[in-house]
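What follows is a single structure, written as structure tokens, with notes after it.
Excluded from the calculations below are hydrogen atoms, water molecules and symmetry mates; all remaining heavy atoms, backbone and side chain alike, are included. For clarity, every value in this text was computed on a predicted model and none was experimentally measured. A note on names: the letters A, B, ... follow the listed sequences, proteins ahead of strands, and every chain is numbered from 1.
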Amino acid sequence: MAGAYDFKAVEKKWRERWNARDLFRVGEDSAKTKRYILEMFPYPSGDLHMGHVRNYTIGDVVARFNTARGFNVLHPIGYDAFGMPAENAAIARGVHPADWTNKNIKTMHEQLKLLGISYDWGREMITAEPEYYRWNQWIFLKFYERGLVYRKEASVNWCPACETVLANEQVEAGVCWRCGSDVEKRQLEQWFFKITDYAERLLNDLDLLEGWPERVRTMQRNWIGRSEGAYVDFAIAGTTEKIKVFTTRADTLFGATFFLLAPEHPLVDELVAGTGREAEVAAFREEVSKETEIDRTSVEIEKKGVFTGRYVVNPVNGEELPIWLADYVLMEYGTGAVMAVPAHDQRDFEFARRYGIPIEVVIQPEGEEFKAEEMAEAYVGDGRMVNSGRFDGLWKDEGARAVTGWLKERGEGDFAITYRLRDWLISRQRYWGTPIPMLYCEHCGVVPVPEDELPVVLPKNVKITQMGGSPLKQVSDFVNTSCPKCGGRARRETDTMDTFVDSSWYYLRFTNPKNDRQVFNSEKVSYWSPVDQYIGGIEHAILHLLYSRFFTKVFYDMGLVKVVEPFTNLLTQGMVIKDGAKMSKSKGNIVDPMDIINRYGADTARLFILFASPPEKELEWSDRGVEGSFRFLNRVWRLVEENATAIRRPEREMGDADNALLRLAHQTVKKVGEDIDSFGLNTSISAIMELVNGMRDYNEARGDQANPAVVKEVTERLILLLAPFAPFISEELWETVGNKESVYHVSWPSYDPEIAKAPEITLVVQVNGKVRDRISVPADISEENMRETALASETVRRYTDGKKIVKVFTVPGRLVNVVVR
RNA sequence: GCCGAAGUGGCGGAAUGGGUAUACGCGCUGGUCUCAAAAACCAGUGGGGGCGACCCCAUGCCGGUUCAAAUCCGGCCUUCGGCACCA
């Protein structure tokens with residue numbers, strides 16, 4: 001295709017050829033080493049945005065590069081197609097969520113093809129199709145069999161805007177992760193996955209994930225929040241009944257002056273009955289229940305509570321402690337009950353001061369003596385135990401162990417570990433999700449749907465309103481069924497699954513997406529898993545990545561997979577921003593990828609996005625920068641056209657300029673390969689640009705005298721290096737220089753270290769650490785020669801004459817530093 | 001408040017097992033071509049000084065270690081993320 005760079009024609013031509021040949025299809029091949037490259041699949045919200053383009057382009061470079069290097073590369077794509085936006089669209093515009101979703105998928109599929117991403121299109125999956133979500137249901141049943149699914153009534157997070165419950169991970173700083181509404185608390189009976197059973201393994205195995213950013217590992221570690229401490233039993237005064245608390249500070253047990261229960265604690269009614277404080281306590285509980293998560297967990301808000309009229313007995317000294325309810329005690333953590341030690345816990349301190357409860361110091365640091373009445377805040381540091389009977393004198397940590405051990409002997413406590421991680425609430429009171437495969441039989445109670453009756457198909461004829469409650473409840477055909485056990489009347493569960501369930505295992509399904517007999521084929525999943533390189537946004541640092549790790553571990557225990565971690569290496573890409581802010585409709589700073597593709601082509605869009613910033617960092621959008629990338633591709637185009645002519649000229653002997661260009665080409669091959677491996681995609685492109693600059697200088701200097709063999713070799717190398725970044729133009733140019741085969745199947749070029757080696761280096765000469773001269777010397781110069789050359793330099797002499805040379809430092813092949821006095 | 005990351009030209013960014021600071025690109029200035037413009041190409045471009053070969057200063061700020069610091073250490077400042085009553 002001679003003439004100007006017509007990106008539209010070029011990209012269309014190769015897109016059609018790739019499609020026709022199904023170029024990117026892969027299968028298992030035991031003769032090759034596999035590489036599984038995966039980008040987080042998109043939610044089909046409409047059009048591809050710049051963040052998607054960045055994500056998929058980065059992945060595509062890695063995939064194409066690894067293919068060129070001879071690996072068998074799995075690089076699939078699918079659509080995370082269940083979710084709220086589809087339902088919102090249905091409510092707003094009366095479209096069926098399925099139709100809305102499918103239309104969006106179609107658009108995004110086309111756009112991904114326009115971008116030229118090398119996906120194995122035969123593996124495309126849509127999680128909203130029964131062929132996929134039936135396996136969600138199957139997994140749910142298997143988890144149920146293993147005791148990892150349970151149903152319980154609990155105080156749960158409720159998003160009033162989404163009209164559904166949320167998992168703990170999905171509440172960010174008290175607001176809904178998706179819509180930003182203040183989350184409320186509700187008492188509801190819901191389905192949970194018992195992720196806490198895996199807390200210890202999820203925590204420990206973070207150490208295996210050396211290919212993950214430390215930041216993400218830390219976030220997960222904090223989220224799991226392991227605490228070592230003790231359970232201690234407190235008897236309710238005047239009864240034999242006991243309440244268990246969890247504490248990490250058993251050393252302060254002698255300093256407990258009151259006792260706290262969460263307002264939701266189930267024992268409250270029973271305790272308060274007959275104390276005459278019923279009304280006051282009930283009013284307090286009512287007040288707390290109305291608070292949003294934000295109010296309740298804000299540190300600034302003053303702690304409040306109410307006395308129950310009852311007491312517990314401190315097991316270490318028999319003292320009676322008043323039982324209060326306090327809003328800062330959470331039912332979901334530990335046991336929902338706390339011993340309060342105001343001298344050594346800031347929250348208890350504030351509470352005690354507010355309600356006039358005594359404060360007693362039981363830990364004293366060396367060289368200081370705290371007096372309860374003088375303290376302005378709790379003392380939480382180290383020190384020795386005081387006022388603690390036989391334990392006096394022990395340091396904080398040994399004291400905690402000693403007290404716990406002593407309680408354990410007496411049967412009043414034990415060592416314990418708790419986690420901040422809560423079980424994963426997966427029920428959603430929404431329509432557009434996977435139906436939970438459970439039945440409620442009038443006689444048998446809760447009954448799982450038998451495996452051979454899957455899938456429980458999501459009915460299409462549903463009225464979706466914003467009225468709240470599961471829309472499926474209204475579909476009597478769906479709800480009313482018979483019990484598989486007794487044949488009697490039963491009704492189906494009408495809640496659907498959290499859509500994070502869908503994305504917790506899709507990467508394994510890609511190894512065998514069309515399998516209608518098994519969730520995955522064991523050979524295929526063994527061949528491809530784990531994912532070698534996973535790429536996506538940091539916003540999933542906890543949510544999706546933690547859930548996926550949990551699923552993989554359960555699958556491992558089930559014998560379904562042989563790996564304990566799903567993603568060996570993780571790259572968290574940075575956001576695309578414009579004018580310093582995240583692109584968003586409300587700010588009006590959105591750049592539509594399709595505009596860029598229409599104006600400059602996909603290759604330019606890809607190149608700019610990769611060149612403007614390293615993948616993990618934010619990318620500041622720049623229209624000028626895009627033009628620069630487009631100019632570069634035009635330069636490459638003209639250069640290759642020019643060289644295609646030069647290649648046909650008669651042979652000639654190698655000269656210095658030829659060797660120099662060849663050297664540059666080999667150096668560039670080395671650098672580009674190394675940089676892609678370490679995700680220095682911006683620097684690999686700059687290296688390619690330098691090669692192009694070198695080639696241009698060569699052509700200008702040599703004119704008709706150019707060496708055809710050198711030109712051919714260097715031009716071909718250039719095209720091969722460019723191919724992962726700008727695949728369309730590379731295909732075309734590859735053809736221009738006379739090749740028939742698709743560049744996709746051509747091996748990555750090798751480099752010869754001998755050719756890449758420079759015959760001369762620049763010797764930097766410093767005097768007292770300041771650069772004074774730069775001298776070109778042979779690369780293999782000895783240290784002795786370096787020293788001599790440096791001292792002989794005229795510039796250097798000006799600084800050394802009349803001075804005493806104290807010492808001369810040499811760095812082989814680089815630098816000499818002369819120290820004078 | 002706690003944890004983490006990052007501060008380099010006018011801008012995006014290079015260079016960290018200490019050793020040529022500012023690669024590559026954008027922008028800007030001048031030039032070639034043109035009736036003119038665009039495109040393309042060529043040259044220049046951290047700041048300051050000198051007629052000059054050159055010199056001084058500069059990687060958020062202040063100190064330190066070293067022959068040598070963007071890079072290591074200590075202390076600040078700023079920005080951005082995450083967590084946020086977890087007993």
Note to self: Counting the benzene-type ring for Trp, do A:W424 and A:Y547 have ring centres under 6.0 Å apart?
What the structure shows: yes
Checklist line | Residues that A:S776 engages under side chain to side chain donor-acceptor pair (under 3.5 Å), provided they are two or more places apart | finding: A:E760
Checklist line | B:rU65 to B:rG75 separation - C1' atoms, rounded to the nearest Å | finding: 15 Å
Next item on the list: Give a yes/no answer on whether the side chain of A:R696 brings an N or O atom under 4.0 Å of OP1 or OP2 in B:rC42.
Entry: yes
Next item on the list: For B:rG31 versus B:rC24, give the span between their P atoms, rounded off to a whole number of Å.
Entry: 24 Å
Next item on the list: Write down the distance separating the P atoms in B:rU45 and B:rA53, rounded off to the nearest Å.
Entry: 13 Å
Checklist line | Residue whose nearest RNA chain B nucleotide is more 5′ - A:A687 or A:D348 | finding: A:A687
Next item on the list: For residues A:E616 and A:L571, determine if any side-chain heavy atom of one lies less than 4.5 Å from a side-chain heavy atom of the other.
Entry: yes
Margin query: Does any part of the side chain of A:D397, heavy atoms only, come nearer than 4.5 Å to the side chain of A:D251, both counted from C-beta?
Written below: no
Notebook entry, point to check: Taking both distances under 3.5 Å as the test for a Watson-Crick or G-U pair, what stems of at least three pairs does RNA chain B have?
Noted result: B:1-7 with B:77-83, B:10-12 with B:24-26, B:27-32 with B:40-45, B:46-49 with B:54-57, B:60-64 with B:72-76
Margin query: Under 4.0 Å, heavy atoms only, any strand: does A:G628 hit a base, just the sugar-phosphate, or nothing?
Written below: sugar-phosphate
Check: Can you tell if the side chain of A:E200 reaches within under 4.5 Å of the side chain of A:R226, non-hydrogen atoms only?
Finding: yes
Check: Less than 4.5 Å apart, any side-chain heavy atom of A:T795 and any of A:R798?
Finding: yes
Note to self: My understanding is that only residues two or more places apart in sequence, or in another chain, count here; which of them pass side chain to side chain donor-acceptor pair (under 3.5 Å) with A:R717?
What the structure shows: A:E713
Notebook entry, point to check: Toward the 5' end of RNA chain B, which comes first, A:E620 or A:N693, by nearest nucleotide?
Noted result: A:E620
Provide a list of protein-nucleic acid N or O atom pairs under 3.5 angstrom, restricted to nucleotides 50-56 of chain B.
unit_1 : atom_1 : unit_2 : atom_2 : d
B:rC55 : OP1    : A:R772 : NH1    : 3.2
B:rC55 : OP1    : A:Y799 : OH     : 2.5
B:rC56 : OP1    : A:R772 : NH2    : 3.3
B:rC56 : OP2    : A:R772 : NH1    : 3.1

Item checked: With A:R787 via salt bridge (Lys or Arg N to Asp or Glu O under 4.0 Å) - residues at least two apart -> A:E784
Item checked: P-based separation of B:rC83 from B:rG48 [nearest Å] -> 46 Å
Margin query: Restricting to ring pair (Phe, Tyr, Trp, His ring centres under 6.0 Å), what partner residues turn up for A:Y198, sequence neighbours left out?
Written below: A:F550
Margin query: Is any side-chain heavy atom of A:M583 closer than 4.5 Å to one of A:I577?
Written below: no
Next item on the list: Under 4.0 Å between any heavy atoms, over every strand shown, what does A:S227 touch: base, sugar-phosphate, or nothing? Just pick one.
Entry: sugar-phosphate
Notebook entry, point to check: Where the side chain of A:R638 is concerned, which of B:rC83, B:rC41, B:rG12 is the nearest nucleotide?
Noted result: B:rC41
Between protein and nucleotides 1-4 of chain B, what N or O pairs are separated by less than 3.5 Å?
none

Check: If anything within 90° of 0 is syn and all else is anti, what is B:rG9?
Finding: syn
Check: Mind checking whether A:N768 and A:Y799 have side chains closer than 4.5 Å, heavy atoms only?
Finding: no
Listing time: all N or O pairs from protein to nucleotides 27-30 of chain B that are below 3.5 Å?
unit_1 : atom_1 : unit_2 : atom_2 : d
B:rG27 : OP2    : A:R631 : NH2    : 3.0

Next item on the list: Considering only atom C1', compute the distance from B:rG7 to B:rC62 and round it to an integer number of Å.
Entry: 16 Å
Please list, pair by pair, any protein nitrogen or oxygen found under 3.5 Å from a nitrogen or oxygen in nucleotides 14-19 of chain B.
unit_1 : atom_1 : unit_2 : atom_2 : d
B:rA14 : OP1    : A:N682 : ND2    : 2.9
B:rG19 : N2     : A:Q766 : OE1    : 3.2
B:rG19 : N2     : A:N817 : ND2    : 3.3

Next item on the list: Please say which of A:L722, A:V669, A:V714 ends up in a side-chain contact (heavy atoms from CB on, under 4.5 Å) with A:L691.
Entry: A:V714
Item checked: Phosphate OP1/OP2 of B:rC86 contacted by A:R347 side-chain N/O (<4.0 Å) -> yes
Notebook entry, point to check: Just how far, in rounded Å, is C1' of B:rG13 from CG of A:L610?
Noted result: 14 Å
Check: Which value, in whole Å, describes the distance between the P atoms of nucleotides B:rC35 and B:rC42?
Finding: 22 Å
Next item on the list: For A:F809, enumerate each residue passing the ring pair (Phe, Tyr, Trp, His ring centres under 6.0 Å) test, keeping only those at least two apart in sequence or located in another chain.
Entry: none
Next item on the list: Output all residues satisfying ring pair (Phe, Tyr, Trp, His ring centres under 6.0 Å) with A:F246, sequence neighbours left out; order by chain, then residue number.
Entry: A:Y231
Note to self: Over all strands shown, is A:E700 touching base, sugar-phosphate only, or nothing at heavy-atom distances under 4.0 angstrom?
What the structure shows: sugar-phosphate
Margin query: Any base atoms under 4.0 Å from A:V764, or only sugar-phosphate, or nothing? Heavy atoms, all strands.
Written below: base
Check: For the side chain of A:K807 and the base of B:rC67, is some donor closer than 3.5 Å to an acceptor across the two?
Finding: no
Item checked: Nearest-angstrom distance from the residue atom CD1 of A:I577 to C1' of B:rA6 -> 13 Å
Item checked: Whole-Å C1' distance, B:rG1 and B:rA84 -> 9 Å
Margin query: For a salt bridge (charged side-chain N to carboxylate O under 4.0 Å, His left out) check, start with the C-alpha distance between A:R221 and A:E214, then their side-chain angles and the critical distance, and finish with the verdict.
Written below: CA-CA 10 Å; A:R221 220 168 263 134; A:E214 193 51 50; 3.5 Å; yes
Notebook entry, point to check: Taking the six-membered ring for Trp, is the centroid-to-centroid distance between A:Y333 and A:Y419 below 6.0 Å?
Noted result: no
Check: Using a cut-off of 4.0 Å on non-hydrogen atoms, how would the nucleic acid contact of A:E618 be classed: base, sugar-phosphate, or nothing?
Finding: sugar-phosphate
Note to self: Tell me the interatomic distance from A:D697, atom CG, to B:rA43, atom C1', rounded to whole angstroms.
What the structure shows: 13 Å
Item checked: Shortest side-chain distance from A:M689, nucleotide among B:rC24, B:rU20, B:rA87 -> B:rC24
Next item on the list: Only counting residues at least two apart or in another chain, list the ones meeting ring pair (Phe, Tyr, Trp, His ring centres under 6.0 Å) with A:Y379.
Entry: A:F370
Item checked: Candidates A:W621, A:F630, A:F632 - the one meeting ring-ring contact (aromatic ring centres under 6.0 Å, His included) with A:F608 -> A:W621
Note to self: Roughly how many Å apart are B:rC33 and B:rA69, using the P atom of each and rounding to a whole number?
What the structure shows: 49 Å
